[in-house]
Colleague: 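Take this structure, written in structure tokens, and hold onto it; I'll ask about it next.
Note on naming: letters A, B, ... go to the chains in the order of the sequence lines (proteins, then strands), and numbering restarts at 1 for each one.
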Amino acid sequence: MANSSPNSGTAMAVKKWKKKRGSLIMALHEIQDIKGYVPWEDAQEVAVGMGVPLARIYEVLTFYNYFKLEAPGKAVISVCLGTACHLKGNDEVLKEFEKELGVKEGTSTEDKLFHLQSVRCVGCCGLAPVVVINGKTYGKVTPSNVRSMIEEWQNNFANETDVA
Amino acid sequence: MANEKLIQKGLEAKARLEERAKSGFGDTSGARAKVYGCNSTSCRSAGGESVIDSFNQAVDANELSDQVRIVPTGCMGLCAKGPLVKVVIDGMEDQMFKEVEPMVARLIVAEYITPVLEGKISELPEFLKQYTLDLNSPFFASQQKIVLQNLGHINPESIDDYVDFGGYQALKKCLFEMSPQDVVNEIKESGLRGRGGGGFPTGLKWQFSHDAEGDEKFVICNGDEGDPGAYMDSGVLEGDPHAVIEGMLIAGYAQRATSGWLYIRAEYPLAIKRIENAIRQARKNRLLGDNILGSDFSFDLEVRLGAGAFVCGEETALIASIEGKRGTPRPRPPYPTESGLWKQPSSINNVETFANIAKIINMGAKEYSKIGTDKSKGTKVFALTGRVRNGGLVEVPMGMTLDEIVNQVGGGVDGDAELKAVQTGGPSGGVIPKHLLDLPVCYDELKAVGSIMGSGGMIVMDEDDSLVDIAKFYLGFTVEESCGKCAPCRIGGQQMLDKLTKIAAGDGKKQDVTDIKRIAHAMQKASLCGLGQTAPNPVLSTLKFFESEYTDKIKECCGGCACSCNKNEAAK
């Protein structure tokens with residue numbers, strides 16, 4: 001645990017943004033950046049700290065695709081479904097991920113290692129079809145690459161555990 | 001007086017700009033060789049960052065640091081062949097390298113740059129030629145770069161580089177030589193139209209905002225590039241963030257605005273990082289804040305992030321989102337220029353529009369308006385993707401034909417299949433079939449054939465692509481992104497998608513096509529905002545030019561009716 005108080009990142013986000021205008025979404029972004037999603041307790045903290053009704057916070061959280069209400073897996077697999085990637089067959093890559101991981105798009109594996117999601121354009125259409133896993137971009141992907149990509153991250157996590 | 005100190009500092013910054021203008025703009029490093037390595041999202045994804053690192057290490061290892069300058073730059077355009085690296089050595093022909101790997105980077109330094117600088121060779125070694133791209137090929141030679149001028153030449157993280165290439169001179173000119181109305185007039189005269197897609201005359205929008213009264217007044221930059229499959233704005237924000245800031249500053253001065261707001265897609269972390277860095281640098285250099293450059297103009301910028309909602313590209317929805325609400329549009333009027341952000345006059349322009357502003361001031365409206373066509377002035381940046389050989393970010397003068405863009409700049413279809421159609425305008429646009437490729441790219445011409453200019457997505461499709469599938473893809477996107485506020489868009493879109501899905505699966509009936517057209521018409525007429533009004537475009541334009549692709553999938557066709565399906569043709 002980096003912080004002794006579980007909500008300290010949130011407390012800082014609230015402090016930073018509460019006096020600024022048009023800042024609710026920014027504060028929520030900051031929380032999600034730290035925690036990977038916006039937990040219920042943190043939404044409550046924002047409500048109290050920034051003086052915004054909780055209902056309005058959830059109105060925002062559920063309207064925008066970017067915000068997550070549940071903890072994603074350790075590795076977030078984003079399969080780009082922008083036009084160029086669609087045209088070059090990324091739907092098949094997504095299906096392959098669903099098959100290999102045994103989950104549906106938008107959900108996480110039971111061991112919470114992987115979260116599979118589709119996104120709309122990550123801005124490197126020249127490399128289509130594109131998959132991004134925790135910030136690392138894979139270009140010109142085919143369904144046959146899927147297994148090795150998953151294994152790469154499984155190994156990453158296995159090594160982490162070894163070190164720990 | 002605190003302000004006097006600020007004014008003093010501002011005037012010093014102004015003097016520095018004046019001093020810089022006395023000698024020619026450009027690189028001042030004095031290095032005999034320069035290595036420009038693309039450091040944009042696309043090339044970084046292909047390994048560009050480690051390539052730049054390798055160049056740095058190799059140059060250090062060869063003790064050439066004082067003779068070679070390595071510049072991490074914005075997008076150089078040919079994204080499909082990245083990572084791209086351009087090497088410029090005094091007295092040598094410029095070389096553009098493609099698909100560079102760290103090993104190749106070390107070889108370029110050891111076998112090309114070093115021996116050339118030592119006078120041992122005077123041309124590129126044969127084995128490196130396999131990595132080069134022809135800079136005289138139409139991809140590079142037929143483009144005209146105004147917005148993307150600095151990309152590939154400057155380090156977007158350095159304000160000094162931007163200033164060295166003429167940056168902030170236009171702002172200085174506006175603040176000290178022109179009145180706000182003069183600036184508005186100049187933009188009007190340039191003929192610049194909104195690059196977000198709508199094509200509204202920018203000068204006119206600025207005039208409305210200039211004339212409006214409010215306690216505060218806002219200039220807003222729309223960087224919520226929502227078209228899935230387009231990345232012009234991210235290219236500009238990543239590659240030349242100061243150009244956007246300078247454009248916003250000039251807009252703020254011209255409209256007598258009190259602050260500026262940049263609304264950027266959260267999915268563009270690199271663009272956000274670079275713009276935030278540029279804002280900090282501009283503040284330090286007295287280009288943002290109180291008494292800018294010692295003048296009485298005060299203005300600052302704030303960044304707000306989108307959160308994955310296509311509808312937020314619509315200006316009233318964008319305003320709601322900055323205010324921290326759901327991004328739902330509201331009826332206009334009142335237009336944002338009267339009552340926008342926090343009910344104050346606000347004018348919204350797209351990233352690319354702002355990136356044009358300083359250039360217009362520098363070259364003059366008259367000169368700028370010579371580029372392009374009668375009603376569409378200047379250039380347009382396109383993200384050329386899909387089944388095209390030279391996929392990437394291109395900038396061409398308005399009025400260039402689609403054929404030239406796709407077949408010359410783009411190098412034609414990638415693969416053996418024939419070109420079938422080109423899609424512009426993303427989910428709000430339409431397809432343009434092969435036989436209309438002579439069409440010049442202008443706002444009005446594209447509209448006349450059922451598409452739109454849009455923000456700059458251009459997708460090339462070949463004979464193997466199904467246009468029913470493309471129409472379904474786009475409609476599926478807009479249905480998912482519909483905010484749900486108005487019924488024509490919320491219900492109409494879903495109904496249309498259901499029928500389209502049925503047809504695509506081979507279960508459609510002739511009546512479905514008729515229904516789709518009726519629903520489309522209702523959505524166009526009755527939707528609250530642009531998202532719903534234009535959502536039927538991909539379906540309607542594919543129906544207009546490729547109706548047989550739909551009717552071929554309809555089993556019940558009798559082969560004797562008025563439709564143009566294959567059964568019908570066979571029956572004849």
Side-chain angles (χ1 to χ4, degrees), chain A residues 17-18 20-30 32-33 38 46 50 52 55-68 78 80-91 117-133 135-141, chain B residues 40-46 78-82 225-231 234-235 238 261 266-271 302-310 312 321-328 341-342 383 385-387 391-393 423 426 457 459 461 465 469-470 473-474 477 480-481 483:
Chain A
W17 289 104
K18 80 174 178 190
K20 293 193 180 163
R21 290 189 292 186
S23 54
L24 175 60
I25 292 175
M26 296 303 280
L28 296 174
H29 266 300
E30 218 152 282
Q32 180 157 310
D33 279 350
V38 184
V46 172
M50 295 182 68
V52 182
R56 259 206 57 211
I57 294 176
Y58 272 88
E59 198 181 80
V60 166
L61 286 173
T62 53
F63 180 83
Y64 295 97
N65 290 330
Y66 196 83
F67 292 121
K68 294 189 179 71
S78 305
C80 180
L81 291 186
T83 319
C85 289
H86 170 79
L87 208 60
K88 297 206 167 167
N90 230 6
D91 297 47
Q117 63 182 21
S118 66
V119 292
R120 302 288 191 177
C121 201
V122 289
C124 22
C125 310
L127 303 175
V130 173
V131 172
V132 182
I133 304 181
K136 180 174 176 188
T137 309
Y138 299 80
K140 299 177 184 167
V141 178
Chain B
S40 67
T41 292
S42 187
C43 278
R44 283 163 70 99
S45 301
L78 197 45
C79 308
K81 303 265 163 68
E225 192 163 49
D227 176 355
Y231 55 106
S234 90
E238 282 177 12
W261 298 73
E267 291 88 338
Y268 288 159
L270 190 63
E302 291 258 7
V303 173
R304 290 293 179 268
L305 304 186
F310 178 61
C312 289
S321 184
I322 294 183
E323 289 174 349
K325 300 175 192 155
R326 290 163 60 109
T328 48
L341 189 59
W342 293 296
T385 62
R387 313 273 181 207
L393 210 58
Q423 209 276 354
I459 317 266
M461 285 167 283
D465 292 317
D469 174 67
I470 287 295
F473 167 79
Y474 278 122
F477 176 79
E480 206 173 281
E481 293 296 330
C483 77

Colleague: Please classify the contact between B/Gln423 and chain A as side chain, backbone, both or neither, with a heavy-atom cut-off of under 4.5 Å.
Modeller: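 Interface part for B/Gln423: neither.
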Colleague: Quick one: of A/Gln32, A/His86, A/Glu59, who has the most non-hydrogen atom pairs under 4.5 Å with chain B?
Modeller: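 The option with the most such pairs is A/His86.
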Colleague: Please classify the contact of A/Lys136 with chain B as side chain, backbone, both or neither, using a heavy-atom distance under 4.5 Å.
Modeller: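 The answer is neither part of A/Lys136.
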Colleague: Below 4.5 Å, heavy atoms only, C-beta onward: do A/Arg120 and B/Phe310 meet side chain to side chain?
Modeller: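 With C-beta onward as the side chain, the pair stays apart.
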Colleague: Output the option from B/Met461, B/Arg387, B/Glu481, B/Glu323 having the highest count of non-hydrogen pairs under 4.5 Å with chain A.
Modeller: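 Top count of heavy-atom pairs under 4.5 Å with chain A: B/Arg387.
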Colleague: Heavy-atom distance under 4.5 Å to chain A: side chain of B/Phe477, backbone, both or neither?
Modeller: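 Both backbone and side chain.
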Colleague: Picking from A/Gly135, A/Gly126, A/Cys80, which has the most non-hydrogen pairs under 4.5 angstrom with chain B?
Modeller: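 Maximum pair count with chain B is reached by A/Gly126.
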Colleague: Can you check whether A/Asn90 reaches A/Leu81 side chain to side chain, under 4.5 Å on heavy atoms?
Modeller: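 Heavy-atom side-chain distance check passes, below 4.5 Å.
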Colleague: Return yes if some donor-acceptor pair links the side-chain N/O of A/Asn65 with the main-chain N/O of B/Gly308 below 3.5 Å, else return no.
Modeller: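 Such a contact is found between A/Asn65 side chain and B/Gly308 backbone.
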Colleague: Is it the backbone or the side chain of B/Ile470 that comes under 4.5 Å from a heavy atom of chain A, or both, or neither?
Modeller: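 Just its side chain gets close to chain A.
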Colleague: Side chain, backbone, both or neither: which part of B/Ser40 has a heavy atom under 4.5 Å from chain A?
Modeller: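 For B/Ser40, no heavy atom lies under 4.5 Å from chain A.
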Colleague: What part of B/Ala230 gets within 4.5 angstrom of chain A, counting heavy atoms only: side chain, backbone, both, or neither?
Modeller: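 When you check distances to chain A, only backbone atoms of B/Ala230 fall under 4.5 Å.
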Colleague: Name the member of A/Thr62, A/Leu24, A/Val119, A/Thr83 that forms the most heavy-atom pairs with chain B at distances under 4.5 Å.
Modeller: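 Greatest number of close heavy-atom pairs with chain B: A/Thr83.
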Colleague: With only heavy atoms counted, which part of B/Glu238 is less than 4.5 Å from chain A, the side chain, the backbone, both or neither?
Modeller: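 Neither part; nothing is under 4.5 Å.
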Colleague: Flag the pair A/Leu28 / A/Ile57 as yes when at least one side-chain heavy-atom distance between them is below 4.5 Å, and no otherwise.
Modeller: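 A/Leu28 vs A/Ile57: side chains touch.
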Colleague: Less than 4.5 Å to any heavy atom of chain A: does that hold for the side chain of B/Ala383, its backbone, both, or neither?
Modeller: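 Contact with chain A involves no heavy atom of B/Ala383 at all.
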Colleague: Taking only residues two or more places apart in sequence or in another chain, which ones pass ring pair (Phe, Tyr, Trp, His ring centres under 6.0 Å) with A/Phe67?
Modeller: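 For A/Phe67, the residues satisfying ring pair (Phe, Tyr, Trp, His ring centres under 6.0 Å) (neighbours in sequence not counted) are A/His29.
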Colleague: Any donor and acceptor pair, going by atom type alone, linking the side chain of B/Arg304 with main-chain N or O of B/Ser321 inside 3.5 Å?
Modeller: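 Absent.
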Colleague: Any sub-3.5 Å donor-acceptor pair from A/Lys88's side-chain atoms to B/Gly386's backbone N or O?
Modeller: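 Yes, the answer is positive, given that a donor and an acceptor are paired below the 3.5 Å cut-off.
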Colleague: Side chain, backbone, both or neither: which part of A/Arg56 has a heavy atom under 4.5 Å from chain B?
Modeller: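 Contact with chain B: side chain only.
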Colleague: If I measure from the heavy atoms of chain A, does B/Ile459 come under 4.5 Å with its side chain, its backbone, both, or neither?
Modeller: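 Contact with chain A is through the side chain of B/Ile459 alone.
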Colleague: Between B/Ser234, B/Ala266, B/Cys43, B/Gly226, who has the most heavy-atom pairs with chain A when the cutoff is under 4.5 Å?
Modeller: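 Looking at each of B/Ser234, B/Ala266, B/Cys43, B/Gly226 in turn, B/Ala266 comes out on top.
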Colleague: Considering only heavy atoms, which portion of B/Cys483 lies under 4.5 Å from any heavy atom of chain A: side chain, backbone, both, or neither?
Modeller: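 B/Cys483 touches chain A through backbone and side-chain heavy atoms alike.
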Colleague: Do A/Lys20 and A/Met26 have side chains that approach each other closer than 4.5 Å (heavy atoms only, starting at C-beta)?
Modeller: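 No, every pair of side-chain atoms sits at 4.5 Å or beyond.
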Colleague: Answer yes or no: is there a donor N or O on one side and an acceptor on the other, between the side chain of B/Arg44 and the main chain of A/Thr137, under 3.5 Å?
Modeller: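 The answer is no, because no donor-acceptor pair under 3.5 Å joins these two groups.
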Colleague: Do A/Tyr66 side-chain atoms and B/Glu267 backbone N/O form a donor-acceptor pair below 3.5 Å?
Modeller: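 No, the answer is negative, given that no donor and acceptor are paired below the 3.5 Å cut-off.
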